[in-house]
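All ligand and atom numbering here is 1-based and tracks the order in the structure.
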Amino acid sequence: MAAKIVISDDYKGYPLDLFCIPKHYENDLENILIPSGLITDRIERLARNIVQEFNEEGLVALCVLKGGYKFFTDLLDRIKMLNRNTEMSVPLAVDFIRLKSYVDDKQSGEIEVIGGDNLENLKGKNVLVVEDIIDTGRTMLKLLDILHNVKPKCIRVASLLVKRTERSVGYKPDYAGFEIPDSFVVGYALDYNEYFRDLNHICVINEQGKKKYAA
Ligand code: 5GP
């Protein structure tokens, strides 16, 4: 796995009042772990790394919905900008798959694949899976299993976040934005029972937030 920004366990994040937070979430968050500006800057670099690897070969970017949609659009915007403005140029196609594994902040046990019935289109292609977060890694291993069955030329995984957790099965993505402590994070399209997707920074949810938005 390539280099990533490591956020240590004793990092306290930023107080909420130093940045702009929607009023409806003000009491539901512990801190701001990654402000949106830093997310943007890190994605710019991931895009460059990806373009350098795939240069001119072309790839299908596969968005893992719903949590991955912000990372996916911002990453692809950056790749397209490099395509327009540098000598490097990666022909891009897009596809989408939806997986569901969490209720509240607990894995439901079952990892559900919703959609993705046209995955045959990925046969012989370079596939870049774009995911929001790897926690235990079980979801990604299941998805990789499914994808290998359709025989792509190669598969790479880009995950914005990787959690440092004892529950990890050991899976590491090819591209990672940030390694984070073992807390439940929301914002930048990551949800808690569908809430907080409308928050632009990545924040740690507090107990009140978990209670208020419990399933
Ligand atoms: P894994 O199978 O790696 O344990 O879990 C992966 C999925 O769990 C992610 O795609 C995401 O949907 C969800 N998940 C894991 N940790 C978090 C978290 O801290 N916040 C949010 N919002 N979702 C998480």
Side-chain angles (χ1 to χ4, degrees), residues 1 4-9 11 13 21-22 25 28-36 39 61-75 95-116 128-147 155-215:
M1 181 171 62
K4 57 199 175 320
I5 294 176
V6 177
I7 301 178
S8 65
D9 284 342
Y11 177 68
I21 295 283
Y25 293 140
D28 309 324
L29 301 167
E30 199 69 48
N31 60 45
I32 297 171
L33 195 67
I34 315 173
S36 76
I39 302 171
L62 180 66
C63 177
V64 183
L65 294 169
K66 293 178 184 179
Y69 93 86
K70 276 289 291 169
F71 179 39
F72 183 80
T73 51
D74 289 347
L75 183 67
D95 215 332
F96 301 86
I97 190 168
R98 186 160 174 214
L99 308 173
K100 203 163 169 43
S101 62
Y102 269 63
V103 174
D104 291 343
D105 58 347
K106 306 282 180 313
Q107 258 200 325
S108 57
E110 286 288 296
I111 296 162
E112 222 183 315
V113 179
I114 315 167
L128 177 71
V129 179
V130 182
E131 170 69 300
D132 53 356
I133 185 166
I134 309 276
D135 182 2
T136 63
R138 284 180 211 285
T139 305
M140 189 49 65
L141 287 184
K142 161 130 188 183
L143 177 56
L144 289 174
D145 236 28
I146 295 166
L147 292 178
I155 304 176
R156 294 283 184 274
V157 175
S159 183
L160 180 63
L161 306 174
V162 178
K163 228 183 247 188
R164 207 167 36 251
T165 169
E166 285 177 356
R167 292 169 289 108
S168 169
V169 295
Y171 174 77
K172 305 252 187 295
D174 303 284
Y175 301 96
F178 303 86
E179 182 184 292
I180 64 166
D182 194 2
S183 319
F184 199 81
V185 292
V186 292
Y188 193 74
L190 286 108
D191 74 313
Y192 183 83
N193 296 327
E194 297 300 327
Y195 292 93
F196 299 102
R197 293 198 204 272
D198 56 337
L199 170 68
N200 56 343
H201 311 294
I202 293 176
C203 300
V204 177
I205 189 171
N206 66 17
E207 286 310 312
Q208 177 169 330
K210 286 184 188 174
K211 234 160 112 183
K212 183 165 162 191
Y213 298 113

Distance filter under 4.0 Å to Lys163 heavy atoms, resulting ligand 1 atoms: 16 (N), 17 (C), 18 (C), 19 (O)

Close side-chain approach of Val157 and Leu144, heavy atoms under 4.5 Å: yes

Close approach, Arg167 and ligand 1, non-hydrogen under 4.0 angstrom: no

Proximal ligand 1 atoms for Thr136, defined as those under 4.0 Å from one of its heavy atoms: 1 (P), 2 (O), 3 (O), 4 (O)

Atoms in ligand 1 with a heavy atom of Ser183 nearer than 4.0 Å: 19 (O)

Results of side chain to side chain contact (heavy atoms under 4.5 Å, CB included) for Ser183 - residues two or more places apart only: Pro181, Val204

Sequence-distant partners of Asp198, side-chain hydrogen bond (donor to acceptor under 3.5 Å, both in side chains), two or more places apart: His24, Tyr25

Sub-4.0 Å heavy-atom approach of Gly68 to ligand 1: no

Shortest non-hydrogen separation from Tyr175 to Arg156 and the atoms involved: CE1-CB, 4.2 Å

Between Asp74 and Tyr188: side-chain donor-acceptor atoms closer than 3.5 Å: yes

For ligand 1, the portion of Glu131 having any non-hydrogen atom under 4.0 Å away: side chain

Selection from Ile202, Ile133, Leu190 by shortest heavy-atom distance to atom 11 (C) of ligand 1: Ile133

Over all atoms of both residues, closest heavy-atom pair of Ala214 and Asn193: C-ND2, 3.5 Å

Centroid-centroid distance, Tyr213 to Tyr195, less than 6.0 Å: yes

Interfacing atoms of ligand 1 (cut-off 4.0 Å, heavy-atom, Arg138): 2 (O), 3 (O)

Ligand-side contact atoms (ligand 1) for residue partner Asp132, heavy atom cut-off under 4.0 Å: 9 (C), 10 (O)

Where ligand 1 meets Asp191 - atom numbers and elements under 4.0 angstrom, heavy-atom basis: 21 (C), 22 (N)

Val185, any N or O under 3.5 Å of ligand 1 N or O: yes

Closest to atom 18 (C) of ligand 1 among Tyr188, Phe184, Tyr192 (heavy-atom distance): Phe184

Closest contact, heavy atoms only, Phe71 versus Ala158: CE2-O, 3.6 Å

